[in-house]
Engineer: 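Pasting in a structure now, in structure tokens, and then I'll have a few things to ask.
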Amino acid sequence: MDIIFYHPTFDTTWWSNALEKALPQAKVREWKAGDNDPADYALVWHPPVEMLEGRKLKAVFALGAGVDSILSKLKAHPNMLAHSVPLFRLEDTGMGLQMQEYAVSQVLHWFRRFDDYQAQKAQIRWQPLPEYTREEFTIGIMGAGVLGAKVAESLQAWGFPLRCWSRSRKSWSGVESFAGTAELGAFLNETRVLINLLPNTAETVGIINGELLNQLQDGAYLLNLARGVHVNEDDLLTALNNQKLKGAMLDVFSHEPLPADSPLWKHPRVAMTPHIAAVTRPAEAVEYISRTILDLEKGEVVSGQVDRERGY
């Protein structure tokens, strides 16, 4: 079994050794320009077109939860990857726990009004503030995939009213489910904290815009853990400046790194991190990929395959 590997920043030697240990029958090599030798599987992140084009592969594994770069290149280069070749993404592999940590810590930060106390600190002001109640702190999760389910599960222990919105209705215990465009307004109307975990598709680009934000409760919060292209940043700034939104925590941006002249850097009610909410954990990823390859070799049904039409 031959596996080709490409990632612009990962330690290829570590990955090759780990994969060959998990799959003793495999030979793993780093793909480099000009390598047209046969391969059975490809493990990639932002792969060059020439790496995959024309190859007869059994499967391709994206080394992250998103497959945006591959699908966007496929639109421009339809022959890059035959439709018969299954494309897989990392569904969890340690990312679910990271998303849980991030979401819970930020929701509690807002709920306990630590943002307000930090603002008072800057004013050298000592003033206890009225507490929020859980009943008025409804959390709405946009995107009900694997990571959305993990985040909802972690927030249930804190007693907040929970709801989710997705293309199809979910049956999660303790979570009110909304589905489709027709129910988006009802989902937004009672939401105080909006957590975005949507996939990146043509339908979701720019979905968090002024029209959507205006349907949230006054003084709402936005937590974006999905993709920067989901958010119209000008509309976000407008909603913050007119106090429709009280705060935003952003891990992703439409352009990364965020340009130095972006007003988001200096906005007093915007907090941010540099796309680190959930990163690929190598050991967990190797375990998932090796197990999936073994199951594919046996002809068994596996999870994690991307529907190219839906985009996730």
Side-chain angles (χ1 to χ4, degrees), residues 98-143 151 155 158 160-163 165 187-198 204 206-278:
Q98 294 174 74
M99 285 292 190
Q100 290 178 325
E101 294 166 348
Y102 199 121
V104 169
S105 64
Q106 188 58 42
V107 167
L108 294 178
H109 180 88
W110 285 327
F111 179 66
R112 291 299 306 270
R113 305 196 67 170
F114 293 152
D115 54 333
D116 292 320
Y117 286 119
Q118 285 301 106
Q120 288 188 170
K121 175 178 176 289
Q123 301 168 1
I124 316 178
R125 181 183 174 197
W126 182 282
Q127 176 63 55
L129 298 170
E131 295 181 349
Y132 292 143
T133 64
R134 282 173 171 73
E135 292 74 20
E136 66 179 351
F137 223 72
T138 297
I139 299 168
I141 301 169
M142 294 183 75
V151 167
L155 288 166
W158 298 94
F160 297 108
L162 294 174
R163 50 180 52 193
W165 178 81
F187 164 80
L188 295 167
N189 287 341
E190 299 298 325
T191 293
R192 182 69 177 276
V193 177
L194 181 64
I195 301 177
N196 178 38
L197 284 165
L198 287 169
T204 62
I207 190 172
I208 302 178
N209 52 29
E211 180 182 358
L212 181 145
L213 294 172
N214 284 333
Q215 296 179 70
L216 295 169
Q217 288 189 33
D218 290 341
Y221 299 92
L222 171 66
L223 174 56
N224 189 14
L225 299 175
R227 288 291 183 266
V229 295
H230 289 143
V231 177
N232 182 311
E233 292 175 1
D234 289 338
D235 288 359
L236 170 61
L237 286 164
T238 297
L240 288 163
N241 291 334
N242 67 21
Q243 299 184 24
K244 178 65 183 181
L245 285 186
K246 190 173 181 186
M249 181 73 193
L250 310 173
D251 182 58
V252 288
F253 304 88
S254 55
H255 297 285
E256 296 181 0
L258 184 65
D261 61 355
S262 170
L264 293 170
W265 282 109
K266 296 182 179 180
H267 200 287
R269 286 184 285 118
V270 172
M272 63 178 69
T273 48
H275 205 147
I276 51 79

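Nothing here was measured: the structure is a model prediction, and the numbers come from that model.
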Engineer: Is any side-chain heavy atom of Thr238 less than 4.5 Å from a side-chain heavy atom of Asp234?
Structural biologist: no

Engineer: Run through Leu198, Asn224, Thr204 and flag the one making a side-chain contact (heavy atoms from CB on, under 4.5 Å) with Met142.
Structural biologist: Leu198

Engineer: What residues, two or more places apart in sequence or in another chain, satisfy salt bridge (Lys or Arg N to Asp or Glu O under 4.0 Å) together with Asp116?
Structural biologist: Arg113, Lys246

Engineer: Taking atom CD as the centre, does Glu211 end up with more than 12 heavy-atom neighbours from other residues, nucleotides or ligands that are less than 6.0 angstrom away?
Structural biologist: no

Engineer: State, to 0.1 Å, how close Trp110 and Leu222 come at their nearest heavy-atom pair, and which atoms those are.
Structural biologist: CH2-O, 3.4 Å

Engineer: Do Arg134 and Phe160 meet the cation-pi criteria used here (NZ or CZ under 6.0 Å from the six-membered ring centre, within 45° of the axis)?
Structural biologist: yes

Engineer: Could you tell me if the side chain of Glu136 sits less than 4.5 Å from the side chain of Tyr132, heavy atoms only?
Structural biologist: yes

Engineer: Quick one: does Trp265's side chain have a donor or acceptor within less than 3.5 Å of a partner on Pro259's backbone?
Structural biologist: yes

Engineer: Quick one: pull up NE2 in His275 and CG in Leu250 and give me the separation to the nearest 0.5 Å.
Structural biologist: 12.5 Å

Engineer: Write down the atom of Val193, the atom of Phe137, and the distance for their closest heavy-atom approach.
Structural biologist: CG2-CE2, 3.4 Å

Engineer: Tell me whether the NZ or CZ atom of Arg192 lies within the 45° cone about the ring axis of Phe111 and under 6.0 Å from its centre.
Structural biologist: no

Engineer: Are there more than 12 heavy atoms of other residues, nucleotides or ligands under 6.0 Å from atom CD of Glu131?
Structural biologist: no

Engineer: To the nearest 0.5 Å, tell me how far Leu155 CG sits from Ile141 CD1.
Structural biologist: 6.0 Å

Engineer: Of all the heavy-atom pairs spanning Leu240 and Val270, show the shortest one and how long it is.
Structural biologist: CD1-CG2, 3.4 Å

Engineer: Please lay out, stage by stage, how Arg269 and Asp115 fare under the test side-chain contact (heavy atoms from CB on, under 4.5 Å).
Structural biologist: CA-CA 8 Å; Arg269 286 184 285 118; Asp115 54 333; over 6 Å; no

Engineer: Do the side chains of Leu225 and Ile195 get nearer than 4.5 Å, heavy atoms only?
Structural biologist: yes

Engineer: Let me confirm one number: the CD-CD distance from Gln215 to Glu190, rounded to the nearest 0.5 Å.
Structural biologist: 12.0 Å

Engineer: Checking the side chain of Asp235 only, and the main-chain atoms of Gly210 only, is there a donor and an acceptor separated by less than 3.5 Å?
Structural biologist: yes

Engineer: Side chains of Ile208 and Leu236: does their closest heavy-atom pair fall under 4.5 Å?
Structural biologist: no

Engineer: Test of understanding: with side chain to side chain donor-acceptor pair (under 3.5 Å), list the residues that count as partners of Thr273, not counting sequence neighbours.
Structural biologist: Tyr102, Asp251

Engineer: Are there more than 12 heavy atoms of other residues, nucleotides or ligands under 6.0 Å from atom CD of Gln243?
Structural biologist: no

Engineer: Is it true that a side-chain atom of Ser262 and a backbone atom of Leu258 form a donor plus acceptor pair closer than 3.5 Å?
Structural biologist: no

Engineer: Please determine, by modelled atom types, if Ser254 and Glu233 share a side-chain donor-acceptor pair under 3.5 angstrom.
Structural biologist: yes

Engineer: Set out, in order, the CA-CA distance, both residues' side-chain angles and the distance that settles side-chain contact (heavy atoms from CB on, under 4.5 Å) for Arg163 and Ile139, then state yes or no.
Structural biologist: CA-CA 6 Å; Arg163 50 180 52 193; Ile139 299 168; over 6 Å; no

Engineer: Checking salt bridge (Lys or Arg N to Asp or Glu O under 4.0 Å) for the pair Lys244/Asp218: CA distance, chi angles, key distance, verdict?
Structural biologist: CA-CA 5 Å; Lys244 178 65 183 181; Asp218 290 341; 2.7 Å; yes

Engineer: Heavy atoms only: give me the nearest Arg227-Val252 pair and the separation to one decimal.
Structural biologist: C-CG2, 3.4 Å

Engineer: Less than 4.5 Å apart, side chain to side chain, heavy atoms only: is that true for Ile276 and Gln98?
Structural biologist: no

Engineer: Where do Asn242 and Ala239 come nearest, in terms of heavy atoms and distance?
Structural biologist: OD1-O, 2.8 Å

Engineer: Please test Met272 against Met249 for side-chain contact (heavy atoms from CB on, under 4.5 Å), starting from the C-alpha separation and ending with a verdict.
Structural biologist: CA-CA 6 Å; Met272 63 178 69; Met249 181 73 193; 5.7 Å; no

Engineer: Taking the side chain as C-beta and beyond, is there a heavy-atom pair between Thr191 and Tyr221 under 4.5 Å?
Structural biologist: no

Engineer: Can you list the steps and then say if Val229 with Phe253 is a side-chain contact (heavy atoms from CB on, under 4.5 Å)?
Structural biologist: CA-CA 7 Å; Val229 295; Phe253 304 88; over 6 Å; no

Engineer: Identify the heavy atoms of Ile207 and Leu212 that sit nearest to each other, and give their distance.
Structural biologist: O-CD1, 3.3 Å

